[in-house]
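Below is one structure, written out as structure tokens, with a few remarks after it.
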Amino acid sequence: MPELPEVETIAYNLRPALTGKIILSSDLLWKRTLAVPSPRAFSRRIRGQKIDGVGRRGKFLFLTLTGYTLLIHLRMSGDLLAILGGYQRARHDRLILKLTEDTTFVFSDPRKFGRVWLVSDPQEVLGRLGPEPLGDEFTPDWLITQLKSCRQRLKPLLVDQEFLAGLGNIYTDEALHASKLHPLRKASDISLGQAGDLWQAIRMVLEDGIRKNGASIDWVYRGGDYQNQFRVYGRQGQPCPVCGNKIEKIFVAQRGTHFCPACQRLEG
DNA sequence: AGGGTAACCCGGACGC
DNA sequence: TGCGTCCGGGTTACCC
């Protein structure tokens with residue numbers, strides 16, 4: 001659920017608060033959250049580090065520290081909070097970084113899906129990611145070339161972060177519908193024109209999502225409104241907003257996949 | 001290489 | 001209302 005738009009917004013909201021030095025880190029409340037040997041090792045490494053900047057790559061958020069990079073993946077239920085003033089530990093707080101006496105940085109995650117890494121080189125975590133869908137590298141020409149050389153079906157390919165970094169289940173379904181492409185179409189079979197449509201649709205759904213503050217269906221991200229704009233996602237059995245045919249739901253590579261069988265034909 | 005499956009996790013939705 | 005079951009997001013591991 002938490003995808004690109006939330007990441008952008010959260011990073012923006014955090015920026016003003018992230019000026020302190022880390023003077024204390026709590027033990028992790030949930031050890032599996034952290035991809036380091038132990039909470040103690042984590043505390044030892046991170047204490048005293050200074051936050052030099054914040055950023056995002058794909059679905060990963062990161063804090064650039066003095067000697068490490070702290071990477072955070074919110075997955076679907078994670079949330080980042082910069083708490084000013086008194087901090088009271090809440091039920092789902094998984095990682096707590098006290099920055100100053102009255103600034104606390106909290107990674108909260110009710111469903112424990114999120115992950116945190118503390119590494120010397122961010123490439124250890126980010127190194128295999130594909131290009132940014134809103135970046136300069138992602139061009140229609142790039143997409144066409146890649147699709148031609150790929151034998152996968154469109155849906156699994158588009159959610160593969162090593163192919164393109166940032167699309168999740170929701171935006172992929174929406175982009176395929178907007179470009180009238182069936183999720184099971186073989187990537188190498190699609191035409192030049194269709195690839196161009198897909199390129200445009202990917203950019204459109206992401207920009208639209210960012211504009212609407214994200215697609216979160218949960219209570220997690222307060223204010224996300226893209227969930228009210230879905231044309232196919234979660235709308236199985238309801239009419240397609242384009243043609244009125246019933247939206248179908250199938251499973252592709254274990255992901256619920258929503259599409260309009262009339263707009264998105266497997267042939268042609 | 002690509003496809004299929006299980007596992008991780010738990011709040012909430014749903015059925016009885 | 002209360003209890004049990006299922007769902008779903010992203011990713012990795014492991015199988016064929």
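Order of the sequence lines fixes the chain letters, A, B, ..., with proteins taken first and strands second; residue numbering starts at 1 for each chain. Keep in mind the model is a prediction, meaning the values are calculated, not measured.
Atom C1' of nucleotide dT11(C) and atom CG of L158(A) are separated by 17 Å, given to the nearest angstrom. Rounded to whole Å, atom P of dG3(B) lies 18 Å from atom CZ of F251(A). For R115(A) and dT11(C), the CZ to P distance is 11 Å, given to the nearest whole Å. Spacing between atom NE2 of H92(A) and atom C1' of dC9(B) amounts to 12 Å, rounded to whole angstrom units. Here the C1' atom of nucleotide dT11(C) and the CZ atom of R111(A) are 17 Å apart, to the nearest Å. One can place CD of Q161(A) at 4 Å from P of dT11(C), the figure rounded to the nearest angstrom. We find that CD of Q146(A) is positioned 15 Å from P of dA1(B), with the value rounded to whole Å. Protein atom CD of E162(A) is 11 Å distant from nucleotide atom P of dA13(C), rounded to whole Å.
The one candidate from Q264(A), R231(A), K155(A) that meets the side chain to side chain donor-acceptor pair (under 3.5 Å) condition with D173(A) is K155(A). Exactly one residue among I190(A), D189(A), V252(A), V159(A) makes a side-chain contact (heavy atoms from CB on, under 4.5 Å) with L154(A). That residue is I190(A). Screening L176(A), I247(A), V242(A) for a side-chain contact (heavy atoms from CB on, under 4.5 Å) involving C260(A) leaves a single residue, I247(A).
The side chain of C150(A) sits closest to dG2(B) out of dG11(B), dT11(C), dG2(B). Of the candidates dG10(C), dG3(B), dG11(B), the closest approach to any side-chain atom of Q152(A) belongs to dG3(B).
Dashed line: the shortest gap from a side-chain N or O of R94(A) to OP1 or OP2 of dC10(B) is not under 4.0 Å. Side-chain N/O atoms of H73(A) include none lying less than 4.0 angstrom from OP1 or OP2 on dG10(C). Using a 4.0 Å cut-off, some side-chain N or O of K59(A) falls inside it from OP1 or OP2 of dT11(C). For R153(A), no side-chain nitrogen or oxygen approaches OP1 or OP2 of dG2(B) to under 4.0 Å.
Checked by distance alone, R255(A) brings a side-chain donor or acceptor within 3.5 Å of a matching partner on the base of dG10(C). Judged by distance alone with a 3.5 Å cut-off, a donor-acceptor contact links the side chain of Q254(A) to the base of dA6(B).
Both V159(A) and K249(A) lie near DNA chain C, and the one whose nearest nucleotide falls closer to the 5' end is K249(A).
Remark: H177(A) pairs with no residue by the ring-ring contact (aromatic ring centres under 6.0 Å, His included) rule, at least two apart or across chains.
Between D93(A) and Y87(A), the side chains place a donor N or O and an acceptor N or O closer than 3.5 Å (distance only, hydrogens not considered).
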